[in-house]
Amino acid sequence: MSSPSLRALRAFAETARTGTLAGASHALNVTPSAVSHLLHQLEQTLAITLFISRGAHTRLTETGERLGLRLVAAFDSIDAAITEAGHQAGDVRISALSSFLTLWLVPRLTGFQSRYQDTRLLLSAGMRPVDLSTEPFECAIRWGQGNWPDLEATLLFRDRPVVVSNPRMLQAQAQPQDLPRLAARTRDADWPTIAAALGWRNTAPTLTFETRALAVQAATAGIGAAVVDRNLVADMLAGGILAEIAPNPPIATPEGHWFVALPDRLRIRQLRQFRDWLISEAGR
């Protein structure tokens, strides 16, 4: 059997991954006809049938499915190895929740970088919890109760939900509970919980966004009111960019934002410095 080209194998892997020629062409930055030619070349070289059909959506033979699974895993491993090889000493790769990253961490980064000039932070925002044992991150910022097996977790602050809005909009509204409600798709309990704590009626949100950060941005623009952890917007409240309505007493929540890392990764000096700086900033 002749050895197939890497280009043809990659084209097949991306077709198997995406299920379409268009998806593979986008991933490889080539035309669909070029992908089709590579797939035909691969079948000829291997002398086996890999596809039942190659229309708008491809269908693989049983042999094609088995080969596709192995090739996707193999190319993922190659990509991870290349990324790892490019990782420089002193780099700290961080996976953070998008709202934490946007509202809290980014505005403070100048302070970290001026203090630790030999450390480069590589930041990635996402909604899912990454697997620190298999994915290329030294640490992560997670939201929850801190009970993650095999990870060392350090609490930064517990969630303290408040209602925030543009100050001018809040002053102009005689009944704050009538402000348009801006919600985050991933936090559907936010408004019912805080409405109950404030003695407001529970009504459906006017607009729903992907994250709390987007809801806060809309509140800042005067579109309505959002629910957010007060810790994330304390600087915006102090600067008069936002105004708040806070339940009294505050809502007690078991969840919060945590720094998490594998215990052995904490041998890295730069990672410990980043963790300790986070703790210091969170305590201000």
Side-chain angles (χ1 to χ4, degrees), residues 95-110 123-129 140-146 155-259 278 281-284:
S95 170
L97 298 167
S98 58
S99 294
F100 179 89
L101 187 65
T102 304
L103 296 173
W104 194 89
L105 183 56
V106 168
R108 291 169 167 78
L109 283 180
T110 301
L123 303 166
S124 175
M127 304 297 291
R128 68 175 182 86
I141 307 298
R142 287 189 181 175
W143 184 86
Q145 298 185 24
L155 178 65
L156 300 178
F157 41 76
R158 294 200 185 277
D159 215 31
R160 185 180 168 188
V162 295
V163 176
V164 297
S165 182
N166 183 292
R168 292 189 301 275
M169 189 175 192
L170 196 57
Q171 291 166 4
Q173 180 61 257
Q175 296 293 328
Q177 65 176 296
D178 294 333
L179 287 169
R181 296 185 181 182
L182 312 173
R185 183 184 62 80
T186 54
R187 305 295 293 273
D188 55 6
D190 275 355
W191 270 111
T193 300
I194 206 162
L198 290 169
W200 293 359
R201 62 184 178 277
N202 185 27
T203 59
T206 305
L207 290 172
T208 299
F209 298 87
E210 186 68 17
T211 66
R212 274 180 162 183
L214 290 173
V216 169
Q217 186 176 353
T220 305
I223 297 174
V227 180
V228 67
D229 177 1
R230 192 185 193 282
N231 298 289
L232 298 181
V233 294
D235 290 347
M236 300 174 75
L237 291 169
I241 298 170
L242 288 171
E244 67 176 315
I245 302 172
N248 187 17
I251 298 172
T253 62
E255 296 85 10
H257 286 86
W258 300 72
F259 168 93
L278 284 174
E281 287 295 312
R284 290 183 184 274

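Residues: numbered from 1 along the sequence shown. Being a predicted model, the structure only gives us computed values, none of them experimental. What's counted below: heavy atoms across the whole structure, side chains too, no hydrogens, waters or symmetry copies.
By the salt bridge (Lys or Arg N to Asp or Glu O under 4.0 Å) test, D188 pairs with no residue at all, sequence neighbours left out. By the side chain to side chain contact (heavy atoms under 4.5 Å, CB included) test, I241 is found to be paired with T220, M236, residues two or more places apart in sequence or in another chain being considered. For the side chain to side chain contact (heavy atoms under 4.5 Å, CB included) test, residues two or more places apart in sequence or in another chain that qualify with P129 are R142. Under the ring-ring contact (aromatic ring centres under 6.0 Å, His included) criterion, F209 pairs with no residue at all, not counting sequence neighbours.
Remark: L179 CG to N166 CG distance equals 10.0 Å, nearest 0.5 Å. Distance CD/Q177 to CG/L198: 9.0 Å, rounded to 0.5 Å. The structure places CD1 of I194 at 7.5 Å from CH2 of W200, a figure rounded to the nearest 0.5 Å. Distance CZ/R284 to CD/E281: 4.5 Å, rounded to 0.5 Å. In this structure, L109 CG and L123 CG are separated by 6.0 Å, a value rounded to the nearest 0.5 Å.
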Which atom pairs, one a donor and one an acceptor, fall under 3.5 Å between side chains of residues 95-104 and the rest of the protein, sequence neighbours left out?
{"from": "S99", "atom 1": "OG", "to": "R212", "atom 2": "N", "distance (Å)": "3.3"}
{"from": "S99", "atom 1": "OG", "to": "A213", "atom 2": "N", "distance (Å)": "2.9"}
{"from": "T102", "atom 1": "OG1", "to": "S98", "atom 2": "O", "distance (Å)": "2.8"}

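Q217 CD: 12 or fewer foreign heavy atoms inside a 6.0 Å radius.
For the pair N231 (side chain) and R158 (backbone), a donor-acceptor distance under 3.5 Å is present. Judged purely by atom type and a 3.5 angstrom limit, W258 uses its side chain to pair as donor or acceptor with the backbone of G144. Side-chain atoms of D159 do not come within 3.5 Å of backbone N or O of E255 as any donor-acceptor pair.
Between A189 and T193, the shortest heavy-atom contact is O-OG1, 2.7 Å. When all heavy atoms are compared, the tightest approach of V164 to A219 is O-CB, 3.9 Å. When all heavy atoms of A226 and A215 are compared, the pair lying nearest together is CB-O, 3.7 Å. Nearest heavy-atom pair, L170 versus A243, reported as atom, atom and distance to 0.1 Å: CD2-CB, 3.7 Å. Residues A197 and P247 share a closest heavy-atom pair of CB-CB, 3.9 Å.
Residues T253 and R160 bring no donor and acceptor atom of their side chains to less than 3.5 Å of each other.
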*May I have the step-by-step check of side chain to side chain contact (heavy atoms under 4.5 Å, CB included) for D229 and F157, ending in yes or no?*
CA-CA 10 Å; D229 177 1; F157 41 76; 3.6 Å; yes

*Should V227 and V162 be marked as a side chain to side chain contact (heavy atoms under 4.5 Å, CB included) after you check the CA-CA gap, both sets of side-chain angles, and the distance that decides it?*
CA-CA 6 Å; V227 180; V162 295; over 6 Å; no

*Evaluate the criterion side chain to side chain contact (heavy atoms under 4.5 Å, CB included) for residue pair H257 and L232; output intermediate values, then yes/no.*
CA-CA 10 Å; H257 286 86; L232 298 181; 4.1 Å; yes

_Between L182 and T208, is the side chain to side chain contact (heavy atoms under 4.5 Å, CB included) condition met? List the steps._
CA-CA 6 Å; L182 312 173; T208 299; over 6 Å; no

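Two residues are said to be in side-chain contact when any heavy atoms from C-beta on lie closer than 4.5 Å; L242 and V216 meet this criterion. Residues D235 and R108 form a side-chain contact, since some pair of their non-hydrogen atoms from C-beta on lies under 4.5 Å apart.
Listed by first and then second residue, the salt bridge (charged side-chain N to carboxylate O under 4.0 Å, His left out) pairs involving residues 191-202 are D178-R201 (not counting sequence neighbours).
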